[in-house]
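First comes the structure, then the notes that go with it.
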There are 2 protein chains.
Amino acid sequence: MAAQTGTVQRILDTAEVLFAEKGFAETSLRAITSKAGVNLAAVNYHFGSKEALIQAVFERFLTPFCTALDARMDELAEADEAPGLDRLLALVSGLALTSQAKETHRIALFFRLCGLAYTQAQGHLRRYLREQYGAVFKRFLRVLNAAAPDVPPMELFWRIHFGLGAAVFALSSMDSLRAICKSDFGVELGVADVNQRLLPFIVGGIRSGDAAS
Amino acid sequence: MAAQTGTVQRILDTAEVLFAEKGFAETSLRAITSKAGVNLAAVNYHFGSKEALIQAVFERFLTPFCTALDARMDELAEADEAPGLDRLLALVSGLALTSQAKETHRIALFFRLCGLAYTQAQGHLRRYLREQYGAVFKRFLRVLNAAAPDVPPMELFWRIHFGLGAAVFALSSMDSLRAICKSDFGVELGVADVNQRLLPFIVGGIRSGDAAS
DNA sequence: TTACCCGGCAAACATACGTTTGAAACATAT
DNA sequence: ATATGTTTCAAACGTATGTTTGCCGGGTAA
């Protein structure tokens, strides 16, 4: 309960980078501990197991983000103004950008990890995330539903996940895409620039299918 | 060069299912061979290594798809008609649905594998895919550019990748999403139904940012 | 038949992994 | 100073992995 010796933090910092780089199964505890400069046994001592380490990495990202999002939604519930779809998405995007991130690079890590959480096996992770943060996500989805009353709930459900996919995928491989963008167009974009393009895309996609239905 | 004994095919069939289910690193050769009912050594005998097996799985999916896409683009180049953005996307989607797929379930496999190819480490895979199929993809991107002349090339580049992310992500975790959809809304959607919702989303997203620029 | 090559098989190989152990080093409080 | 609880460390454990090895069977051609 005393001040961290730094070992725990060094493990988390290193693990989050290596996990994002190579995935969970492909990253060994030996790779983490040797790069972090701590003993191999430290992981099992402080976290108990590799699975627990993975969950701890996500907790450090998601808990501040979700509590902030929850607070914002409290404010929104009291205000009389209707939030508006684009404003809502900009809000969650802004939260992701500010809730953590001394360096902008960290936000890419965050989304890359989210993408991995969906695509990698890691059944324990999905279970953990649903139990831990599922309520906040469902609440946000309800708020979105209220913000777009013309879109049927089920349609919105699918479009939100399409948009989530676009965000996760684009931001998780953002480094590669930015490199291609620079080499093909000679333009170097920052994380904020990518977001500025991503958000209208999602809003446009969600507002699209009115003709089809 | 004679008729397949069936061993190679059984390995490919089983590997493609298991890879899609659990990822590449998490799927052992022993799991594949035992489920396929072949000897463990058969993989290294017929393919040389696990990496080569992974590439072979992708080749069986992508080569028919890419040659078909290339042929369609040849036809398009000779026709005088301007293709149209939504028509182009519907074309590639239709190709993916028909080029393989006796069962509709297989198309989910295909996209799930594509998603894994992006998110899993597997540097050799990304290198292989770029060298093998990069040209077709670039050609398709040029055709898209011609179909949407009002969107600047760089903007289109980003929006295409956003759309790609939406497609890959949604279709690769489609089974989970369909289950949620059924339990939350009581509606059971097929693969075609999901596509019918996905395509307008992507088109709407690509056409969206005109106001922002 | 004999010789030959290809596909299949059980077994072993070397390595890498997550985890555990027991002792040493450290800090803190009595 | 002594005792107590916590953290670090090198070493080992058991297991699972990808790959390799010889050997056997059954076709085909001379």
Side-chain angles (χ1 to χ4, degrees), chain A residues 1-60 116-117 120-125 127-128, chain B residues 1-60 116-117 120-125 127-128:
Chain A
M1 194 52 78
Q4 290 289 6
T5 348
T7 303
V8 171
Q9 265 208 18
R10 275 211 305 279
I11 292 176
L12 283 173
D13 289 340
T14 312
E16 124 189 341
V17 170
L18 290 184
F19 282 154
E21 247 171 38
K22 318 189 9 173
F24 305 115
E26 294 89 342
T27 302
S28 68
L29 293 186
R30 284 173 170 83
I32 296 172
T33 52
S34 73
K35 182 171 182 183
V38 304
N39 189 272
L40 168 63
V43 169
N44 283 281
Y45 176 78
H46 287 287
F47 298 94
S49 68
K50 188 182 181 180
E51 286 198 356
L53 206 214
I54 296 175
Q55 297 179 2
V57 167
F58 273 86
E59 188 186 10
R60 198 168 61 141
L116 287 180
Q120 302 251 120
Q122 304 297 345
H124 70 96
L125 223 197
R127 229 172 302 124
Y128 169 80
Chain B
M1 193 55 72
Q4 290 290 6
T5 347
T7 303
V8 171
Q9 264 209 19
R10 273 212 305 280
I11 291 176
L12 284 174
D13 289 340
T14 313
E16 123 189 342
V17 171
L18 290 185
F19 282 154
E21 245 170 40
K22 317 188 12 172
F24 305 115
E26 294 89 342
T27 302
S28 67
L29 292 185
R30 283 172 171 83
I32 295 172
T33 53
S34 75
K35 182 172 183 183
V38 304
N39 189 272
L40 168 61
V43 169
N44 283 281
Y45 177 79
H46 287 287
F47 298 94
S49 67
K50 187 181 182 181
E51 286 198 356
L53 205 214
I54 296 175
Q55 296 179 3
V57 167
F58 274 86
E59 187 186 12
R60 199 168 61 140
L116 287 180
Q120 302 251 115
Q122 304 296 344
H124 70 96
L125 221 197
R127 229 173 300 124
Y128 169 81

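The chains referred to below are lettered A, B, ... by the order of the sequence lines, with proteins before strands, and numbering in each begins at 1.
- Between C/dT19, D/dT8, C/dC9, one nucleotide has an atom nearer to the side chain of A/Leu40 than all others, and that is C/dT19.
- Between A/Asn44 and the phosphate of C/dG18, there is no side-chain N or O to OP1/OP2 separation shorter than 4.0 Å.
- Rounded to a whole Å, the CG atom of B/Asn39 is 5 Å from the C1' atom of C/dC9.
- A/Ile11 is listed as a side-chain neighbour of A/Phe47, based on a closest heavy-atom distance under 4.5 Å.
- Comparing atom distances between the B/Arg30 side chain and each of D/dT19, C/dA10, C/dT20 picks out D/dT19 as nearest.
- The shortest distance between side-chain heavy atoms of A/Lys22 and A/Leu116 does not fall below 4.5 Å.
- Atom CG of B/Leu29 is separated from atom P of C/dT15 by 18 Å (rounded to the nearest Å).
- Among the nucleotides C/dG7, D/dC9, D/dT7, the one closest to the side chain of B/Tyr45 is C/dG7.
- Protein atom CZ of A/Phe47 is 12 Å distant from nucleotide atom P of D/dT7, rounded to whole Å.
- Across every non-hydrogen atom of B/Lys50 and B/Phe24, the tightest pair is NZ-O, 3.0 Å.
- A/Val57 approaches A/Ala15 most closely through the heavy-atom pair CG2-CB, 4.1 Å.
- The one candidate from B/Leu53, B/Val17, B/Thr7 that meets the side chain to side chain contact (heavy atoms under 4.5 Å, CB included) condition with B/Leu12 is B/Leu53.
- The CD-P distance, from A/Glu26 to C/dG18, rounds to 11 Å in whole Å.
- Between the CD1 atom of A/Ile32 and the P atom of C/dA16 there is a distance of 17 Å, given to the nearest Å.
- Listed nucleotides C/dC9, C/dT19, D/dC9 differ in distance to A/Lys50; the shortest reach to its side chain belongs to C/dT19.
- B/Thr33 comes within contact range of no nucleotide atom at all, as no heavy-atom separation falls under 4.0 Å.
- B/Ala42 comes within 4.0 angstrom of nothing in the nucleic acid, heavy atoms only.
- Remark: P of C/dG18 and CG of A/Leu18 are 12 Å apart, rounded to the nearest angstrom.
- Note on B/His46: every side-chain N or O is 4.0 Å or more away from OP1 and OP2 of C/dC6.
- The phosphate of D/dT8 has OP1 or OP2 within less than 4.0 Å of a side-chain N or O from A/Thr7.
- Residue B/Ser28 places its side chain closer to D/dT17 than to any other of D/dA10, D/dA12, D/dT17.
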